[in-house]
Number of protein chains: 2
Amino acid sequence: MSKLTLKSVAKTLGVSTATISNAFNRPDQLSVALRQKILSACAELGYFGPNKAAQSLRKGSSGIVAVILSDSLEYMVSDPVASQFLQGVSRELERHQLHLLLFSGSSTNLEAISDFVDGFICYGAPRNLGLIKQLASSPKRVLTVDFDLPGRPSVNIDNEQAAYQSAMAVLQPGDTVAILGLRLIDAADSRPVLDAPLWDNQSSIAHRRLDGYLRAMAECKLTLQPDYLWHIPESTQPHAQLAAKAVLALTPRPTVLLCMSDLIALSAMREALQQGIAIPQQLKVVGFDGIEETLRYHPTLSSVWQFSDAKGEAAVKAFLSAQDSPQLLPYELRLGESS
Amino acid sequence: MSKLTLKSVAKTLGVSTATISNAFNRPDQLSVALRQKILSACAELGYFGPNKAAQSLRKGSSGIVAVILSDSLEYMVSDPVASQFLQGVSRELERHQLHLLLFSGSSTNLEAISDFVDGFICYGAPRNLGLIKQLASSPKRVLTVDFDLPGRPSVNIDNEQAAYQSAMAVLQPGDTVAILGLRLIDAADSRPVLDAPLWDNQSSIAHRRLDGYLRAMAECKLTLQPDYLWHIPESTQPHAQLAAKAVLALTPRPTVLLCMSDLIALSAMREALQQGIAIPQQLKVVGFDGIEETLRYHPTLSSVWQFSDAKGEAAVKAFLSAQDSPQLLPYELRLGESS
DNA sequence: CTGTTAGCGCCTTCAT
DNA sequence: ATGAAGGCGCTAACAG
């Protein structure tokens with residue numbers, strides 16, 4: 001059989017193309033009986049409805065939403081926090097009969113997919129700065145999560161305040177503090193920040209968290225020695241372990257580890273326990289994010305829970321709403337055995 | 001400024017639309033100098049090239065490949081095996097400048113996206129059987145992974161043989177065997193299979209694995225008591241723990257646990273150790289899949305490693321190739337401390 | 001309630 | 001090396 005199109009189907013059924021189109025898209029435009037007849041005839045023929053690509057060209061919307069990940073897809077999919085977020089996004093999208101196009105933040109050509117989607121949900125500032133420009137000037141709807149783009153709606157938590165509170169919950173006079181930071185500078189390996197230039201201070205959640213830690217330390221009259229602030233490029237075991245080893249070898253040894261992700265905190269605790277350091281007696285550890293694995297670990301981790309699943313859901317809702325105001329989501333400080 | 005189209009750009013540059021089109025798509029059709037001039041003028045204007053949606057309508061291909069997940073996106077993203085697979089897929093797709101549309105296997109309307117994509121890579125038999133029919137009759141390229149569709153290319157490992165080998169590696173005369181199976185029957189909770197009808201025996205990897213286990217047991221002159229075969233709906237801690245608890249409470253207590261995923265095996269080991277059962281002295285455990293977490297666990301798990309990342313890569317290559325022959329990927333039996 | 005028509009933005013002969 | 005024209009499959013406005 002030849003290709004089934006609106007036109008060909010109309011011809012074989014002996015009606016006009018508009019009628020077929022209406023049967024599928026605007027039931028109020030024709031009688032119920034005729035509509036039923038047409039629909040079942042189409043099912044018979046194997047015609048499942050108007051071609052979506054043509055529809056999208058004509059109507060200017062496709063029912064597909066792109067989620068731009070900050071990193072490569074490869075990495076994101078393996079990070080539990082990102083996965084949680086995607087779970088929330090996909091569930092809420094499905095609820096609205098929308099579809100999800102995953103796009104890597106390390107790609108260069110947003111244009112390759114821009115024309116196919118109704119808009120963008122950006123999870124974290126894309127690693128590729130070129131993307132940011134393209135997004136900023138896109139005529140489509142753009143929602144940012146965990147960072148901001150001027151004039152665009154966003155979904156965030158108050159990272160500075162959350163970090164501040166988590167630090168305040170553990171800091172005591174006389175503590176020696178080390179900070180295991182996530183993506184503080186532009187380097188592909190774990191290393192002390194020292195005087196390397198901080199990476200775009202404004203929008204990065206890492207820097208907001210750092211601000212919070214530092215505010216808490218100042219309030220507790222503690223100072224951070226240069227060596228005690230580390231940059232970790234990715235929340236993975238090897239990178240985190242390296243940094244943990246390094247700061248635990250410093251003299252004096254830190255008594256508090258402020259970690260910018262739970263995965264980092266877990267790796268650090270593993271390393272400390274391995275070295276026979278008692279937690280929390282000799283070392284207190286605080287994480288960030290809130291992932292399940294920390295509940296199965298012993299000691300359980302004190303951390304800022306930010307409910308990434310709900311965040312994904314909120315992101316879709318904000319994307320779909322007409323509202324353009326920035327949105328701050330709640331978080332929760334949960335203390336475990338590590339502090 | 002008004003909308004930028006091939007036509008509008010052509011007018012402002014004072015050339016024909018075809019010339020602009022050729023500048024972007026067919027460099028050989030015009031002089032290098034002119035092409036350069038046009039391209040830079042377009043960049044100046046902010047025109048990033050022909051509209052992809054229109055291009056796709058016209059040319060019939062979009063550069064987007066759909067990956068159909070067997071389950072909801074929500075679940076798949078949290079499963080390390082699926083994540084690994086997606087990593088491989090996305091990396092290889094990126095290499096070819098192709099894009100990834102993630103589609104949930106629990107959706108009903110494949111048609112919603114069918115017209116936007118160049119084809120489908122199906123990871124596991126979709127839970128929604130309606131999808132299978134639609135895929136079977138799709139005019140687009142369809143590649144299946146971990147199951148088969150008549151007349152379509154596929155990527156698999158030899159699940160039966162792998163399961164057989166993994167069982168043979170641990171079974172000894174006198175053993176009492178329990179099998180913790182994944183998705184053996186159509187039930188949403190963990191439960192003994194007993195005489196519930198097995199679920200579409202043909203294509204399911206679970207049944208191929210079961211066949212392998214049973215072949216090994218027969219060869220070792222062992223029989224499987226009805227209560228000792230359990231169905232688990234999803235590789236998650238709660239479902240797996242429930243089943244593990246149940247089979248460990250049987251009399252006689254199993255001395256071997258054959259598990260259809262590493263996640264299940266880990267949960268089972270956790271439960272056994274909690275009960276003070278010594279592994280492998282009192283209980284030997286074998287998993288399936290090969291995930292990193294088993295290497296960090298003590299005891300390390302004996303398992304069939306199937307390199308899901310490479311599988312994802314192979315899937316894309318097979319999808320892109322003209323070859324329609326089924327492909328069997330290698331796997332590796334790796335023995336750990338659990339057997 | 002139904003049919004006709006004019007594009008949505010583009011690519012590709014075909015002629016120049 | 002370039003310009004004009006037809007059509008990919010569909011929808012919305014309009015006329016009947």
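The chains referred to below are lettered A, B, ... by the order of the sequence lines, with proteins before strands, and numbering in each begins at 1. When reading the values below, keep in mind they use all heavy atoms of this one structure, side chains included, and skip hydrogens, waters and symmetry mates.
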Please determine whether the number of non-hydrogen atoms from other residues, nucleotides or ligands lying under 6.0 Å from atom CD of B/Gln323 exceeds 12. no

Apply side-chain contact (heavy atoms from CB on, under 4.5 Å) to B/Val145 and B/Lys311, showing your working. CA-CA 9 Å; B/Val145 178; B/Lys311 192 195 265 181; 3.7 Å; yes

In whole angstroms, how far is the C1' atom of D/dT2 from the CZ atom of B/Arg35? 17 Å

Would you mind building the protein contact string for nucleotides 7-16 of chain D? One character per nucleotide, 5' to 3', B for base within reach (heavy atoms under 4.0 Å), S for sugar-phosphate only, - for untouched. BBBBBB----

Atom CD1 of A/Ile38 to atom C1' of C/dC1: distance rounded to whole Å? 11 Å

ring-ring contact (aromatic ring centres under 6.0 Å, His included) partners of A/Phe24, counting only residues at least two apart: A/Tyr47

Which residue pairs pass the side chain to side chain donor-acceptor pair (under 3.5 Å) test with at least one member in residues 132-144 of chain B, sequence neighbours excluded? B/Arg141-B/Asp324

So what does B/Ser31 hit on the nucleic acid, given a heavy-atom distance under 4.0 Å: a base, only sugar-phosphate, or nothing? sugar-phosphate

Quick one: do B/Ile113 and B/Leu101 satisfy side-chain contact (heavy atoms from CB on, under 4.5 Å)? Show the steps, please. CA-CA 9 Å; B/Ile113 59 150; B/Leu101 177 54; 3.9 Å; yes

Output yes when at least one side-chain N/O atom of B/Thr19 is less than 4.0 Å from OP1 or OP2 of D/dA1, else no. no

Checking A/Arg91 against A/Glu313 for the salt bridge (Lys or Arg N to Asp or Glu O under 4.0 Å) test, could you report, in this order, the C-alpha distance in whole Å, the side-chain angles of both residues, the deciding distance, and whether it holds? CA-CA 7 Å; A/Arg91 175 166 27 76; A/Glu313 192 177 314; 2.8 Å; yes

Starting at atom CZ of A/Phe116, determine the distance to atom C1' of C/dC10, rounded to an integer number of angstrom. 12 Å

To the nearest angstrom, the CG-P distance between A/Leu13 and C/dT2 comes to 13 Å

